[in-house]
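Comments concern the structure below.
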There are 2 protein chains.
Amino acid sequence: MKILIVEDEPKTGDYLKQGLTEAGFVTDLARDGWDGLELAKAGHYDLMILDVMLPGINGWQVLEGVRRAGVDMPVLFLTARDQVEDRVKGLELGADDYLVKPFAFAELLARVRSLVRRGHSSLESTVLKAADLELDLLRRRATRAGRKIELTAKEFALLELFLRRPGEVLPRSLIASQVWDMNFDSDTNVIDVAVRRLRVKIDDGFEFKLIHTVRGMGYVLEAGPEGTIP
Amino acid sequence: MKILIVEDEPKTGDYLKQGLTEAGFVTDLARDGWDGLELAKAGHYDLMILDVMLPGINGWQVLEGVRRAGVDMPVLFLTARDQVEDRVKGLELGADDYLVKPFAFAELLARVRSLVRRGHSSLESTVLKAADLELDLLRRRATRAGRKIELTAKEFALLELFLRRPGEVLPRSLIASQVWDMNFDSDTNVIDVAVRRLRVKIDDGFEFKLIHTVRGMGYVLEAGPEGTIP
DNA sequence: CTTCGACGATCAGGATTTTCATATTCAGGA
DNA sequence: TCCTGAATATGAAAATCCTGATCGTCGAAG
């Protein structure tokens with residue numbers, strides 16, 4: 001699995017290269033946009049990681065050049081914080097996923113693996129839905145029945161987990177390991193509290209509840225009334 | 001590399017087994033103390049991960065039995081939160097490292113790798129020192145000139161990093177990746193603020209400063225007055 | 001039908017961490 | 001020497017998250 005990294009900042013570049021190499025990928029690193037474009041057209045990579053801010057030719061231009069050259073490979077791009085427009089622009093130009101700096105390496109690795117495995121992610125897949133609830137992974141924004149809902153990082157992660165497994169009963173241990181990267185510890189009720197906070201935001205004041213408790217098992221996200229396995 | 005896991009709680013056990021297998025280790029899982037003891041004496045493992053709370057025969061007893069049988073292998077044990085006495089007891093009985101539940105899997109993996117690589121960790125290595133500052137990794141406690149210092153999780157991690165690289169100038173990007181598991185983002189000053197908080201606790205009111213700023217480079221922990229590379 | 005116990009919900013308080021705005025320091029050039 | 005911009009320090013507010021206590025509810029046993 002070959003990955004092309006296009007990143008000018010030496011620290012970030014080395015960090016990515018080293019981390020991905022340790023994770024078993026073969027990587028090439030381009031220090032500016034032109035080199036990146038060259039390499040992308042020449043070698044065939046399974047993924048390109050592209051920083052937006054580059055000297056000379058920027059990330060969008062590289063992406064456009066690559067696509068024009070008919071090179072078809074998944075692209076993960078890196079944007080600065082809160083540059084939502086940038087992310088949207090990237091998506092429209094045919095990028096497949098994005099990551100906001102600063103990011104945890106584990107996060108990057110997860111996305112890289114996902115992209116390498118399933119190839120391009122369709123644009124649609126960046127919006128998760130259930131009934132009238134939508135979660136836009138790209139814009140990091142949630143809406144229910146059209147109303148915008150502000151979420152914190154933990155709330156977002158939790159809701160994303162629910163939406164990725166609609167109708168499934170998620171035991172606390174699973175939630176703990178996914179959202180907290182923690183082994184389960186029965187002495188804490190962080191999860192209950194977090195679920196409550198999320199409920200207040202996405203269920204309170206709406207027509208019907210989406211998050212249901214399954215006694216002794218965990219929680220489910222479901223549009224229907226009740227009952228999973230009778 | 002073979003690892004023996006002794007853990008009764010099914011969820012935790014499976015979680016460990018799966019994660020370690022994915023990381024490339026061969027694992028056996030014992031569901032109670034007696035089985036664990038049996039296996040530990042029979043097969044030769046490179047590491048044992050031992051939960052303290054087990055039905056019937058507890059973790060200490062397993063450890064003692066193993067040591068009495070003359071089996072020499074590193075042992076990493078898992079304790080409940082805030083059971084400091086337990087940890088100390090474990091160390092005295094010949095365990096090599098510990099982890100408090102709940103823990104992040106990345107944390108466990110780091111320790112497992114370390115133990116498998118270097119075999120037993122001497123007890124001494126769990127206390128890091130620099131001048132009159134001591135950091136007891138086991139008890140999660142810091143003292144300077146005999147005075148106890150309370151540290152939060154982030155402060156602890158930061159100080160540990162400094163103490164593991166005394167005299168070295170640590171660039172912010174390194175600190176960010178180690179303590180925050182984050183890629184560097186120049187738009188934030190979390191690191192500066194964290195260093196300041198740490199300074200207040202370990203330098204303020206003491207004879208001399210330990211943490212020094214190296215302009216344009218980062219921070220150093222040093223007993224001496226100033227100057228690293230002239 | 002009532003009672004009991006386990007499980008979950010809820011709330012307030014607090015601790016920690018991050019962000020933000022503002023000072024201070026430092027190095028190098030005028 | 002003095003000025004100036006960049007880097008760092010500082011203080012305080014704001015956001016987020018966790019802890020612990022208490023209350024409510026459900027289900028099974030009597």
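Lettering of chains follows the sequences in order, A, B, ..., and the numbering in each one begins at 1. Just so it is clear, the model here is predicted, and its values are computed rather than measured.
- Comparing A/Val193 and A/Leu151 by the nucleotide of DNA chain D whose heavy atom lies nearest to each, the residue mapping closer to the 5' end is A/Leu151.
- Side-chain proximity of B/Tyr219 to C/dT17, C/dT10, D/dT8: nearest is D/dT8.
- Between the base of D/dA6 and the side chain of B/Arg215 there is a donor-acceptor pair shorter than 3.5 Å.
- Listed by chain and number, the residues in a side-chain contact (heavy atoms from CB on, under 4.5 Å) with A/Ala110 amount to none (sequence neighbours excluded).
- When each of C/dG8, C/dT16, D/dA9 is scored by its nearest atom to the side-chain atoms of A/Thr213, the top-ranked nucleotide is C/dG8.
- Here D/dA7 presents its P atom at 12 Å from CG of B/Asp192, a figure rounded to the nearest Å.
- Following rounding to the nearest Å, B/Ile191 (CD1) and C/dC20 (C1') show an atom-to-atom distance of 17 Å.
- A donor-acceptor contact under 3.5 Å is formed by the side chain of A/Asn189 with the base of C/dT10.
- Geometric assessment of B/Arg113 against the ring of B/Phe25 yields a negative cation-pi assignment under the 6.0 Å and 45° thresholds.
- The side chain of B/Arg199 places an N or O atom within less than 4.0 Å of a non-bridging phosphate oxygen (OP1 or OP2) of D/dA9.
- Rounded to a whole Å, the CD atom of B/Glu150 is 14 Å from the C1' atom of C/dT16.
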Open item on the list: Using salt bridge (Lys or Arg N to Asp or Glu O under 4.0 Å), reason through B/Arg31 and B/Asp8 one step at a time and then give a plain yes or no.
Closed with: CA-CA 4 Å; B/Arg31 299 290 187 182; B/Asp8 63 307; over 6 Å; no
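- If you take CG of A/Asp181 and P of D/dC17, they are 15 Å apart, rounded to a whole angstrom.
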